[in-house]
Structures are given as structure tokens and as C-alpha cells.
Amino acid sequence: MHKLSVVLITRNEAQKIVRGIESVLKAITDIPDTEVVLVDSASTDTTVDIAKQYPITVVQLPADAFLSPSAGRYMGFQYSDGQYIYFLDGDMWLDENWFHKALPMMEANKQLAALAGRCHEVCFNESGDIVSEDPDRFQVGEKKHAVRHLGQSVLYRRDVLTEVGGFNPYLSNEEELELGLRISAAGYELQRIPEPMTIHHTQFYSQENPSGITWRQIQRDCKLGRYIALGQVLRLLQGNPFIGEYTGLYKRELLFSGIYFLGAVALVLGVLMHKPLYFALWLIAMLCVFVLRAVIKRNINDTGLYFFDYLLCAYGFMVGFWKAVPPASNYQVKPEVYKV
């Protein structure tokens with residue numbers, strides 16, 4: 001067993017993966033007994049060809065498999081054996097000192113199951129122009145934070161992942177959050193510390209609009225099934241004592257789910273009872289809220305994106321909750337494995 005496994009998750013990251021791989025190799029240069037595994041989700045560009053030029057293991061998932069970042073993490077866990085395992089997305093690169101700060105903390109505290117640091121996030125538009133930048137994406141500040149869940153890149157203790165079941169490969173969104181709440185429910189600690197960890201280049205999570213929502217993000221989330229996953233995660237967390245962390249994080253989306261549900265009920269009653277007044281009143285109320293927000297934010301396009309995104313969230317919560325998530329054991333995929 002290695003002391004540390006670093007798992008990179010990729011899909012069509014040919015433009016960024018060189019910097020990501022080389023940042024990892026630099027970060028583990030003087031750390032003994034390490035391995036690097038890259039799990040690729042059926043890239044159609046040269047990501048895999050580039051990765052095979054480095055002293056790492058490349059695991060390529062087939063195009064007909066269910067593909068998601070969570071599936072990549074699940075397979076990365078299966079094809080690595082480190083006592084500690086760190087997951088890094090392909091559009092990120094790693095701070096060279098991260099493991100020197102993180103590993104001693106994990107070794108000193110056996111109850112510490114997961115650890116993450118500060119992420120510097122840079123967002124681009126379709127033309128490649130920087131539209132927003134946040135040097136502290138998760139607002140860590142200067143203090144260590146005990147948390148119930150973590151997101152993006154995280155260092156985990158392998159035996160804890162084995163105990164709680166690890167990532168569910170069938171989730172397309174919030175897989176780290178769902179896993180984090182299971183780890184918390186098992187009695188372990190998770191922390192985010194004020195140490196530089198990653199730089200993230202992305203076209204999503206931009207602050208170019210007041211709501212932080214963009215059309216490209218909505219398109220991406222629809223294509224990947226990320227809205228449906230919201231309801232699936234809610235279903236998986238039934239019985240978890242920290243489910244309130246999740247519903248609190250999505251309280252506005254859940255509120256809109258209720259509002260849109262009332263609108264649907266009003267429409268159905270109007271059709272069945274030939275009384276369109278209920279739906280008309282709902283529609284007028286929604287229009288007033290729409291206009292009020294557009295005036296306050298001084299941005300009608302952003303308001304349109306805001307309402308449409310919450311409509312999709314409402315759909316995702318309601319449909320996803322009734323769509324059972326298969327157990328991870330059902331994920332029987334035979335990837336191509338390349339070892340140097």
C-alpha cells in the first residue's frame with residue numbers, strides 16, 4: 001500500500017492537463033511512497049495521449065458507461081491503494097506545498113477523515129476572457145474551519161471511505177457533499193484550513209452576473225443531469241442526522257420548488273374545474289416578483305436566468321427525489337488501463 005494516492009479526474013482537458021499533472025508531480029517530489037492515477041471519462045481529445053507521456057497510471061472509462069466526476073472518483077478509488085487519497089479535477093493545478101501542510105495534520109488526528117484548503121478560482125467566458133476571480137472560493141479566511149462537508153478537491157483517509165461506502169458513481173452533482181455528510185454521521189471530522197491548495201480555471205461559477213448564474217452553466221447542468229441529482233441526493237440523505245445542512249444550503253431552491261408546485265396545482269385545478277383564476281393569480285404574483293427583482297438588480301437578463309435556473313432546480317428536486325440511485329456496487333465498468 002502506498003502512503004498517498006493522487007487521483008486526477010478528466011474529460012476533454014487537453015488544454016489544461018499538462019499543468020495539472022506537472023503540478024501534482026512537483027508536489028509529491030519529496031514525499032515517499034506515492035502514486036498518481038488519472039481517470040478519464042471517455043475524452044474525445046488528446047487528454048489520454050498526453051497523460052500517457054507521464055509516469056502515472058491512466059484509467060480510461062468507456063463512452064457507454066455512466067460518466068460523471070463521481071464515477072471518476074469511484075474508479076480512482078478502485079484503482080489506487082494509498083492510505084491517504086487526494087482527488088484533483090483536471091481543470092485545476094495543485095500548490096506544491098499542499099501535502100507538506102495537509103499530511104502531518106491527517107497523521108496527527110486519526111479522527112480527521114477529510115481535509116481541504118484554499119481554492120483560487122478564475123472564471124472565463126466563451127471567448128477566453130477572465131470575467132471574475134476569487135482568491136478564496138470557499139471563504140476560508142485565516143482560520144481553520146470544522147465543517148460537515150467539503151467540495152471540489154479533497155484529501156481523504158482511505159479506511160474511512162471504505163467504512164462509509166465512498167463515492168456513489170451514479171451521482172452527477174454534489175457527490176462530495178453527500179459523502180461528507182455520511183462521513184460526519186459516522187462520527188469523523190472534516191476540516192478546511194487557510195492554506196493554499198488549488199488554482200481552478202473554469203467557465204462556470206462566474207460572478208459576471210448578479211445571481212452568479214450563466215446560460216453556459218445552465219446548459220452544462222442540464223446536459224450532465226446535475227439538476228436531477230439534487231433530488232437524488234435529498235433521497236439518499238433520508239435518515240442522515242445532518243440532512244439539514246443540505247436543505248439549508250438549498251433552502252431557496254426548495255422554496256421555489258414549493259412555489260412552482262403550487263403553480264402547477266393551480267394550473268391543473270384551473271383546467272379540471274374550468275376556473276383559471278387561481279393560476280392567473282399565481283402568474284400575476286410571479287410576474288410582480290420577477291419585475292421587482294429585475295428593478296432591484298437592474299438586470300432583466302439575469303433575472304430571467306435566475307427564475308429559469310430555479311425552475312430547473314424545482315424540477316430536479318421533485319423528479320430526482322423519486323428516481324432511485326443505484327448502489328455503487330452496480331457500477332461494473334471495464335476500463336482501459338495504461339501503466340508506465
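- By the 4.0 Å N-to-carboxylate-O rule, Glu176 lies close enough to Arg73 to be salt-bridged with it.
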- Worked verdict on Asp30 versus His100 for side-chain hydrogen bond (donor to acceptor under 3.5 Å, both in side chains): CA-CA 10 Å; Asp30 56 352; His100 293 289; 3.1 Å; yes
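- Between the side chain of His145 and the main chain of Val140, a donor-acceptor pair closer than 3.5 Å is present.
- Ring-centre distance between Tyr156 and Phe167: below the 6.0 Å cut-off.
- Residues Met197 and Arg118 fail the side-chain proximity criterion, which asks for heavy atoms closer than 4.5 Å.
- Annotation: side chain of Leu237 is in contact with side chain of Glu178 (closest heavy-atom distance under 4.5 Å).
- Contact annotation: the side chain of Thr34 approaches that of Ile31 to within less than 4.5 Å [non-hydrogen atoms, C-beta and beyond].
- A side-chain donor-acceptor contact under 3.5 Å links Arg158 to the backbone of Gly82.
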- Task: Please lay out, stage by stage, how Phe307 and Phe290 fare under the test ring pair (Phe, Tyr, Trp, His ring centres under 6.0 Å).
- Result: CA-CA 8 Å; Phe307 274 79; Phe290 182 95; 5.4 Å; yes
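- In this structure, Arg157 fails the cation-pi test against Tyr84, since its NZ or CZ atom is not both closer than 6.0 Å to the six-membered ring centre and inside 45 degrees of the ring normal.
- Among residues at least two apart or in separate chains, salt bridge (charged side-chain N to carboxylate O under 4.0 Å, His left out) pairs with a member in residues 183-200 are Lys101-Glu195.
- Gln332 places a side-chain N or O within donor-acceptor distance of the main-chain N or O of Ser329, the cut-off being under 3.5 Å.
- Among all heavy-atom pairs drawn from Pro335 and Pro62, the shortest one is CA-CD, 4.3 Å.
- In this structure, Glu35 contributes its side chain and Ile56 its backbone to no donor-acceptor pair below 3.5 Å.
- Side chain of Asn12 to backbone of Asp45: a donor-acceptor contact under 3.5 angstrom is found.
- Contact between Phe317 and Glu253 at its shortest, heavy atoms only, is CE1-CB, 3.8 Å.
- Ring pair Phe99/Tyr86: centre-to-centre distance below 6.0 Å.
- Between the side chain of Asp89 and the backbone N or O of Asp91, no donor-acceptor pair lies under 3.5 Å.
- Contact annotation: the side chain of Asp40 never approaches that of Val59 to less than 4.5 Å [non-hydrogen atoms, C-beta and beyond].
- Across Leu88 and Gly20, no two heavy atoms sit closer than the pair CD2-O, 4.5 Å.
- Looking only at side-chain heavy atoms (C-beta outward), Leu150 and Phe138 stay at 4.5 Å or farther from each other.
- Side-chain contact between Leu155 and Leu4 is present, with heavy atoms from C-beta onward closer than 4.5 Å.
- Counting only distance, with no hydrogens or angles, the side chain of Thr46 and the backbone of Asp49 share no donor-acceptor pair below 3.5 Å.
- Contact record, Asp134 with Asp136: OD1-N, 2.9 Å, taken as the closest heavy-atom pair.
- Across all their heavy atoms, Ser70 and Leu171 have their closest contact at CB-O, 3.4 Å.
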- Starting from the C-alpha separation in whole Å, work towards a yes-or-no answer on side-chain hydrogen bond (donor to acceptor under 3.5 Å, both in side chains) for Tyr188 and Glu163. CA-CA 11 Å; Tyr188 293 100; Glu163 177 184 338; 2.5 Å; yes
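- What you find for Leu38 and Ala51 is that their closest heavy atoms are CD1-CB, 3.8 Å.
- Judged by distance alone, the side chain of Asp309 and the main-chain N or O of Ile213 form no donor-acceptor pair under 3.5 Å.
- A distance-only check finds a donor-acceptor pair linking the side chain of Tyr246 to the backbone of Leu230 [under 3.5 Å].
- Remark: side-chain polar atoms of Thr214 are paired, donor with acceptor, to backbone N or O of Gln217 under 3.5 angstrom.
- Taking 4.5 Å as the limit, some side-chain heavy atom of Val7 sits within range of a side-chain heavy atom of Ile9.
- A salt bridge links Arg226 with Asp221; the closest basic N to acidic carboxylate O contact falls under 4.0 Å.
- Between Tyr310 and Tyr306, the two ring planes are perpendicular [angle over 60°; tilted spans 30° to 60°].
- Cluster note: Ile199 groups with Trp93 through ILVMFWY side-chain heavy atoms spaced under 4.5 Å, whether in direct contact or through intervening members.
- Side-chain contact of Arg148 with Ser184: a donor-acceptor pair under 3.5 Å is absent, judged by distance alone.
- Under the 4.5 Å side-chain criterion, counting only non-hydrogen atoms from C-beta, Met75 is not in contact with Pro169.
- Aromatic ring centres of Tyr315 and Tyr227 lie farther apart than the 6.0 Å criterion allows.
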